[in-house]
Amino acid sequence: MHIAKHVRVAEVAKALVGALGTMTLLAWLPYGAPPRALPLQATISRNVLNVRYFGARGDGHTDDTAAIAAALEAARKSGGGTVYVPAGVYLIDPPAQPLYLSSNVTLLGVGNASVLRVKDDAGQYNFIFVQHPGTLSNVALRRLRFDQNPAGNRTSNINALTDAENVVQVYDFDNLVIDKVSFDPEPGVQAVVAAGPRAPRRLSITNSLFRFVRGKSDDRYYDNSSVYSEAAGVLILGNRFMTTNRQNAITAIEVHGGPGIDIAHNTVVHFQNGMNLTNSTRGYRHVARAQIHVHDNLLQGTAFGFDLWSIGGEVLRDVTIEDNTVTFAQHRLYRDTWLGILCQPGGRGQGLGGDFRDIVVRRNVFDFSPLRRQRVRTLLAMGMQWSPNGNVANVTLEDNTILESPGAGIV
């Protein structure tokens, strides 16, 4: 076992047991079957690399980018291991040096006390973590806090092309785990983007916090999705997506493709779009049945609860939305517009116009009553809207509650 100096074996063992002892291992089944959780016994990697051994100070003043990169590279060269981040504030400079994720590597902290913070005036960058070329397998980020420091980065200009400011960006992977990680604050186009045309699979984002704070940009309404995926076997479970109305946050969760997507027990507060549910992106692997299951989520103060998209020439198929609660609030970007479930309109010239089939919506609550305390001038308020440009077939609506819509119940 390689234990870096200045860290006790007991300290590392405690951190690892804390990360692994109560987690669940996803036993991923073949496409067509939902993921299930199995108990996992706590195990300790034989290769534990303390970032402080590589020169990281964690004092909130020293640039620790190179030291953390060196620890990750050492883990890669040895075939994997645990890169341990003790309590401290580790300044990083993403434009100067990205941090590479490699197969069989876990980046582990002790919780919110292990902070990776973007330095003041870091400037423009597209990502903090990215993968080495080739397929990335069995990678985990656990018990960390990423502070992107939007207030201190006065030289940024956030946009999707040159300054996306994503935290984790991977495109070809098998088994990526993010557990008990705080993205706080996160100002980027995406905090986590896990999508690629080579059919990535097995993505788990659990028990994490995403707190969106809008950063410096020429576009005051730049688009964002805290979690963006196009993969098979996706579990997004027990997370909190938090913001305030004045931040104009756009989307909490956006998923494409599938099959086998399970989104459950998440709380979303004051994002304008709770979730975008989309079939395969054009040019990516076509998925005949998305198999998206969205259940037991709480969406508070939103404009759109669940926004369904279908690409032209394709079908968004096999989606179940059940046992969710959605409440609404006034927003600046989508002012006087509220929709519990929306089939996104738009023709093929806009890349849309696809069909919707085999959709089940049951036992959800869409509560418009908070709007009574706000100034509302609209008829564009609906519990559900089923009128896209494409066709809609085999939709089941059962035991839903729509409270005090200022417009319509179901269109």
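Note that the numbering runs from 1 along the sequence shown for the chain.
In this structure, the side chains of Asn175 and Val139 stay at 4.5 Å or more apart for every pair of heavy atoms. In this structure, the side chains of Ile359 and Trp386 come closer than 4.5 Å at one or more pairs of heavy atoms. A 4.5 Å side-chain heavy-atom check between Phe127 and Leu99 finds every atom pair outside the cut-off. Proximity of Ile205 to Leu235: side-chain heavy atoms (C-beta onward) are nowhere separated by under 4.5 Å. Counting only heavy atoms from C-beta outward, the side chains of Val361 and Ile341 approach each other to under 4.5 Å. Within the 4.5 Å cutoff, side-chain heavy atoms of Gln148 are placed close to those of Val167. Inter-residue side-chain proximity for Thr251 and Met275 is flagged as unmet; no heavy-atom pair is nearer than 4.5 Å. Two residues are said to be in side-chain contact when any heavy atoms from C-beta on lie closer than 4.5 Å; Glu314 and Ser280 meet this criterion.
A donor-acceptor pair shorter than 3.5 Å can be found between the side chains of Thr65 and Asp63. Between Ser387 and Gln385, the side chains place a donor N or O and an acceptor N or O closer than 3.5 Å (distance only, hydrogens not considered). Judged purely by distance below 3.5 Å, without hydrogens or angles, the side chains of Asp367 and Ser369 pair a donor atom with an acceptor atom. Under 3.5 Å, the side chains of Asn157 and Asp163 contain no donor-acceptor pair of N or O atoms. A side-chain N or O of Asp172 and one of Thr135 form a donor-acceptor pair less than 3.5 Å apart. A donor-acceptor pair shorter than 3.5 Å cannot be found between the side chains of His270 and Gln247. For the residue pair Asp174/Ser137, the side-chain donor-acceptor check at 3.5 Å is not satisfied. A side-chain N or O of Asn112 and one of Ser182 form a donor-acceptor pair less than 3.5 Å apart.
A distance-only check finds a donor-acceptor pair linking the side chain of Asn149 to the backbone of Val118 [under 3.5 Å]. No donor-acceptor distance shorter than 3.5 angstrom exists from the side chain of His265 to the backbone of His295, with no hydrogens or angles considered. Checked by atom type and distance alone, the side chain of Asn207 never pairs as donor or acceptor with a backbone atom of Asp179 at under 3.5 Å. Asn266 places a side-chain N or O within 3.5 Å of a backbone atom of Asn239 that can act as its donor or acceptor partner. At least one donor-acceptor pair closer than 3.5 Å links the side chain of Gln131 to the backbone N or O of Tyr171. With hydrogens and angles ignored, the 3.5 Å screen pairs no side-chain donor or acceptor of Glu254 with any backbone N or O of Ser225. Looking only at distances, no side-chain donor or acceptor of Ser226 sits under 3.5 Å from a matching main-chain atom of Phe210. With hydrogens and angles ignored, the 3.5 Å screen pairs no side-chain donor or acceptor of Thr401 with any backbone N or O of Val365. Judged by distance alone, the side chain of Ser156 and the main-chain N or O of Ile158 form no donor-acceptor pair under 3.5 Å. Although no hydrogens or angles enter the test, the distance criterion places a donor-acceptor pair under 3.5 Å between the side chain of Asn245 and the main chain of Gln330.
No salt bridge links Arg363 with Glu398; every basic N to acidic carboxylate O contact stays at or beyond 4.0 Å. Asp323 and Arg362 are not joined by a salt bridge, as no carboxylate oxygen comes within less than 4.0 angstrom of a charged side-chain nitrogen.
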- Message: I'd like to know whether Leu141 forms a side-chain contact (heavy atoms from CB on, under 4.5 Å) with Phe146, so could you lay out the CA-CA distance, the side-chain angles of the two residues, the decisive distance to 0.1 Å, and finally the verdict.
- Response: CA-CA 11 Å; Leu141 287 77; Phe146 298 114; 3.8 Å; yes

- Message: One pair to check against side-chain contact (heavy atoms from CB on, under 4.5 Å): Leu352 and Asn389. What are the steps and the verdict?
- Response: CA-CA 8 Å; Leu352 297 169; Asn389 291 52; over 6 Å; no

- Task: Let me see the working for Leu397 and Ile410 under side-chain contact (heavy atoms from CB on, under 4.5 Å), right down to the final yes or no.
- Result: CA-CA 10 Å; Leu397 312 178; Ile410 299 175; 4.1 Å; yes

- For the pair Arg289 and Asp358, evaluate salt bridge (charged side-chain N to carboxylate O under 4.0 Å, His left out) and give the outcome as yes or no after the intermediate values. CA-CA 9 Å; Arg289 303 184 74 94; Asp358 302 335; 3.4 Å; yes

- Query: What's the verdict on side-chain contact (heavy atoms from CB on, under 4.5 Å) for Val192 and Phe183, showing C-alpha distance, side-chain angles and the deciding distance?
  - Reply: CA-CA 9 Å; Val192 176; Phe183 300 84; 3.7 Å; yes

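In terms of heavy-atom proximity, Gly351 sits nearest to Arg282 at O-NH2, 4.2 Å. For Ile128 against Pro94, the heavy-atom pair with the smallest separation is CG1-CG, 3.8 Å. When all heavy atoms of Glu230 and Pro200 are compared, the pair lying nearest together is O-CG, 3.2 Å. Across His331 and Gly301, no two heavy atoms sit closer than the pair NE2-O, 2.7 Å. Pairing each heavy atom of Tyr222 with each of Gly215, the nearest pair is OH-N, 3.0 Å. In terms of heavy-atom proximity, Leu136 sits nearest to Leu101 at CD1-O, 3.3 Å.
Here Met382 contributes atom CE and Leu380 contributes atom CG; the two are 5.0 Å apart, rounded to the nearest 0.5 Å. With rounding to the nearest 0.5 angstrom, the OG atom of Ser102 is 6.5 Å from the CD atom of Glu73. Atom CD1 of residue Ile236 and atom CG of residue Asp262 lie 9.0 Å apart, to the nearest 0.5 angstrom. Summarising the geometry, atom OG1 belonging to Thr106 is positioned 9.0 Å from atom CG belonging to Asn138; distances are rounded to the nearest 0.5 Å. Taken to the nearest 0.5 Å, the CG atom of Asn391 stands 11.5 Å off from the SG atom of Cys343. Remark: Thr327 OG1 to Phe368 CZ distance equals 10.5 Å, nearest 0.5 Å.
Judged by the 6.0 Å and 45° rule, Arg317 forms no cation-pi pair with Phe356.
Within a 6.0 Å sphere centred on CZ of Arg332, heavy atoms belonging to other residues, nucleotides or ligands number more than 12.
The only member of Arg211, Arg240, Arg117 that meets salt bridge (Lys or Arg N to Asp or Glu O under 4.0 Å) when paired with Asp184 is Arg211. When each of Val170, Val234, Ile261 is checked for a side-chain contact (heavy atoms from CB on, under 4.5 Å) with Leu203, only Val234 meets the rule.
Ring planes of Tyr228 and His256: tilted class, angle from 30 to 60°.
Residues Phe304 and Phe271 place their aromatic rings such that the two centres sit no closer than 6.0 Å.
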